[in-house]
**Q** 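Quick one: structure below, then a few questions.
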Amino acid sequence: MIRRIEFEIEEERGVSPLQILRMDANEIKKARTKWILYLPRNVYTSKTLVKLSLAGNRFVVDVPSLPCLPWLQTLVLLDVVYKDENSHVRLLADCPALSCLEVFRDMGDNVTRFIVKVPSLKSFTYSKLINIRDSGTSSLVACCSAINFPRLIKFELNTFGSNSSKCSLELLMFLLHNSPILKELTITSDVGKPSKNLPFLCNQQSSVPGCLLSHLEIFVRGDFGGRRHERDFVAYILANSKCLKTARISPICYYNLEEKEKIAEDIKSMISALHDDLLLKILSEIPTKDVVTTMVLSKRWRFVWTKVHKLEYKDTRKEGNSRVWWLIEKSLQLHKATVLESLHIQVEHQFCDDADVGKCVSYAVDHNVRELALIIPPQPMILLLPSNVYTSKTLVKLTLSCRTLFIDVPSLPCLPSLQRLALLNVVYKDENSHVRLLSNCPALRHLEVQRNKSDNVTSFIVKVPSLKSFRYTQHKRASGRSLVLDSPGLRRLTLIDPHGDLDSIQNMPHLDWAHVFLIIPYPKDDKFLRSFSSVKVLRLSLRNVECCSTIKFSRLMKVTLHLCCFDDFMCSLEPLLLFLHNSPILKVLEINYDVALCSNGVPLSWNRPSSVPVCLLSHLEIFVWKEFAGRRQERAFVAYILANSKRLKTAVFSPTYNLYEKEKEKMMELLKSMYRASASSQLLRLLN
């Protein structure tokens, strides 16, 4: 079944499309095989086409009086010719599902007024080549400069003209004034190589556009020619863009090496002319080892780097380099900023015995650091954080990762501003250290915990009313350890604990998203899973879904079930139906039966239920089955889903890895032959 057609024909030299259409009937008949291509009529009445691309001005779009393309979603018409003024109108009017349209018009396409009236359209690209003479480009920009764009976030301008054309950047400044929340500006000028400098048309504005002062983050200047008015415009943008994060300036492609080097010097001069605040903002976005190297550029740059508000030291090479600790120590000694925004130290494979990590951390806290990350390899001795870390009034984000990092929380910690905390493989002084830490973080919203096998804690208690997101990981089993969770405000939760050491999880009425990974045959009881009854999106990795079959999931809209079947018990599909009965508004069902873990001959239990789940009758739209082996019970289950899902739109199947191509083809034919209750469930796919 063909669902996508693409044609591309090279343009024939010497004959325009308009000349072709002006031929009489006999001439057309003689030249048809050489010049003109008509699509067969059944293309315009296809019930399966989803994407259609036509490229080349030998294609004549001759649409019949009653076209019908009910499933066409993407249509590309590139330099084609239309039989008459209404051919494209008839075509578009009978594509009720069309969401993406691209039209690239040729000057002789036989259409004067191109009408697009498609209610379902979400994306539209329209391109038409026109002749621009003298100030034509300025006229086009001028028509935009008088329009307010209150929601414009991204703007790209490609200007074309002759060498004598004057692309008025002054008019572009008016457009910037009328785009108050613009975040990304791209200008590509294709005016050609001038014989002499053009006059600078971007006079200094009496007021700076609001988008430059508070929103513009990305500025791209392509085909930069280095002329005076271009240099002044770029310098103006750089000097006034307070929120700028990225600036890319590329020279005209056909410039020789000497011209490109001159442009590079001009750009460096423009950057050096910027005020210190903007320079520091730019330097704060790159690693500190690169920031330090800027001191050799000029006298102006010698001490600028010492005032940056963000310090980042990262060495992830396997062989490591002890010099990174020397760089950290020396750069902190020369650092002069009164306030430090962030300190990030990530050294994964090398440690220097002389490194004073505590001194670095204490320096950051004393300078009112807001974000602190310490990701280092195990040390020969236990590492203690300075006590001022636990009483910082400014810390907003704290990440600690080290197997020998000792969390020794004082009796009265206080982190009033801390919102994000990550404790990765650290060690705690005693059973209550983490409890004292968490209970004194009143603003904590995001918590990540990765347990160390010997972290000195048996029962990890999380009781934080303000918590919105929690990720808990414990890969290696240690006897007697458990998790106690009591944070009713949680909205996102991830629990990765293969051995199921989950002692107590209280109700979470606001939970929107959850991922639970367990491989034990059955949890201790279904009490902890009942805490997920209000979840909207659930990813569940279990040995069997039977423990969920008695839980009511009244808000569940999407579920991904990864069921790992071993050879020591029956892999039953029947609890899946009970699960569906308890999920009345479920829209997306994804199943992954890990049959690779099953030994040959492991049976699948399946008996047809007496009643149909409500979600199948009125809500289910997407059904996905991964690792589909095509066994008899699996086929019966799939047939039941397809036959009873009245609103199903998409069904996707991914076969298990050990099937041959012929077996996959046979499986696809079998799936296609199954009865489907939904008239719109045409998108049945088999993924490799």
Side-chain angles (χ1 to χ4, degrees), residues 73-76 98-104 116-128 137-160 167-190 201-202 204-224 230 232-250 267 270-271 274-275 277-286 309-310 341-342 371 396-397 419 446 512:
Q73 298 178 17
T74 302
L75 176 61
V76 180
L98 191 65
S99 60
C100 180
L101 174 63
E102 296 183 29
V103 177
F104 297 84
V116 178
K117 192 174 182 181
V118 185
S120 61
L121 204 61
K122 304 298 181 185
S123 172
F124 179 42
T125 301
Y126 180 83
S127 178
K128 180 181 180 182
T137 304
S138 297
S139 299
L140 291 176
V141 178
C143 71
C144 294
S145 65
I147 303 173
N148 287 321
F149 297 96
R151 300 175 65 223
L152 187 63
I153 295 177
K154 180 178 179 180
F155 180 68
E156 182 174 344
L157 176 65
N158 297 311
T159 58
F160 303 91
C167 176
S168 177
L169 297 176
E170 187 176 32
L171 293 172
L172 180 58
M173 293 299 298
F174 285 115
L175 186 142
L176 295 180
H177 272 286
N178 295 331
S179 308
I181 63 170
L182 188 69
K183 287 189 174 183
E184 184 173 344
L185 173 62
T186 300
I187 303 174
T188 302
S189 177
D190 193 22
L201 299 178
C202 181
Q204 293 297 317
Q205 302 293 306
S206 57
S207 62
V208 179
C211 63
L212 301 188
L213 296 175
S214 58
H215 286 84
L216 192 70
E217 298 178 354
I218 300 175
F219 173 56
V220 179
R221 181 65 173 92
D223 287 336
F224 182 71
E230 291 181 298
D232 290 344
F233 177 76
V234 170
Y236 181 86
I237 296 293
L238 296 178
N240 291 283
S241 299
K242 306 291 185 185
C243 299
L244 194 65
K245 295 180 180 179
T246 303
R248 292 193 296 270
I249 304 172
S250 56
I267 294 173
M270 285 188 287
I271 295 176
L274 301 177
H275 52 79
D277 290 344
L278 185 54
L279 278 178
L280 293 175
K281 191 177 182 69
I282 295 172
L283 293 177
S284 294
E285 300 298 326
I286 59 178
H309 302 298
K310 294 182 180 180
E341 181 71 22
S342 69
E371 297 184 9
V396 175
K397 182 178 180 180
Q419 297 180 18
H446 307 280
D512 292 329

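All values reported here derive from a predicted model rather than from experimental measurement.
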**Q** I want to check something: taking the side chain as every heavy atom from C-beta on, are Y126 and V116 in contact at a cut-off of under 4.5 Å?
**A** no
**Q** Should L175 and F155 be marked as a side-chain contact (heavy atoms from CB on, under 4.5 Å) after you check the CA-CA gap, both sets of side-chain angles, and the distance that decides it?
**A** CA-CA 10 Å; L175 186 142; F155 180 68; 3.9 Å; yes
**Q** Do you know which two heavy atoms are closest between R221 and V234, and how far apart they sit?
**A** CG-CG2, 4.2 Å
**Q** Starting at CD1 of I218, measure out to NZ of K183 and round the result to the nearest 0.5 Å.
**A** 9.5 Å
**Q** So, taking the atom named OG in S241 and the one named OH in Y236, what distance separates them when rounded to the nearest 0.5 Å?
**A** 9.0 Å
**Q** Which heavy-atom pair separates L182 from I153 by the least distance, and what is that distance?
**A** CD1-O, 3.4 Å
**Q** Determine whether F104 and T125 make a side-chain contact, defined as any pair of heavy atoms from C-beta on separated by less than 4.5 Å.
**A** yes
**Q** Atom CD of E371 and atom NZ of K310: how far apart are they, to the nearest 0.5 Å?
**A** 7.0 Å
**Q** If you compare all heavy atoms of L244 against all heavy atoms of E217, which two are closest, and at what distance to 0.1 Å?
**A** CD1-O, 3.5 Å
**Q** Distance check, rounded to the nearest 0.5 Å: K122 atom NZ versus T74 atom OG1?
**A** 13.5 Å
**Q** For A247 versus L238, what's the shortest heavy-atom pair and its separation?
**A** CB-CD2, 3.9 Å
**Q** Between G222 and S250, what is the shortest heavy-atom contact and its length?
**A** CA-OG, 3.5 Å
**Q** Quick one: do S207 and H177 satisfy side-chain contact (heavy atoms from CB on, under 4.5 Å)? Show the steps, please.
**A** CA-CA 9 Å; S207 62; H177 272 286; 3.5 Å; yes
**Q** So do L176 and L185 actually touch side chain to side chain, heavy atoms under 4.5 Å?
**A** yes
**Q** Please step through side-chain contact (heavy atoms from CB on, under 4.5 Å) for the pair I187 and F233, ending with a clear verdict.
**A** CA-CA 11 Å; I187 303 174; F233 177 76; 3.5 Å; yes
**Q** Could you go step by step and tell me if L216 and I237 meet the side-chain contact (heavy atoms from CB on, under 4.5 Å) rule?
**A** CA-CA 9 Å; L216 192 70; I237 296 293; 4.1 Å; yes
**Q** What distance separates Q73 CD from S120 OG, expressed to the nearest 0.5 Å?
**A** 9.5 Å
**Q** For the residue pair F149 and P180, what are the closest heavy atoms and their distance?
**A** O-CD, 3.7 Å
**Q** Taking atom NZ of K154 and atom OG1 of T186, what is their separation to the nearest 0.5 Å?
**A** 6.5 Å
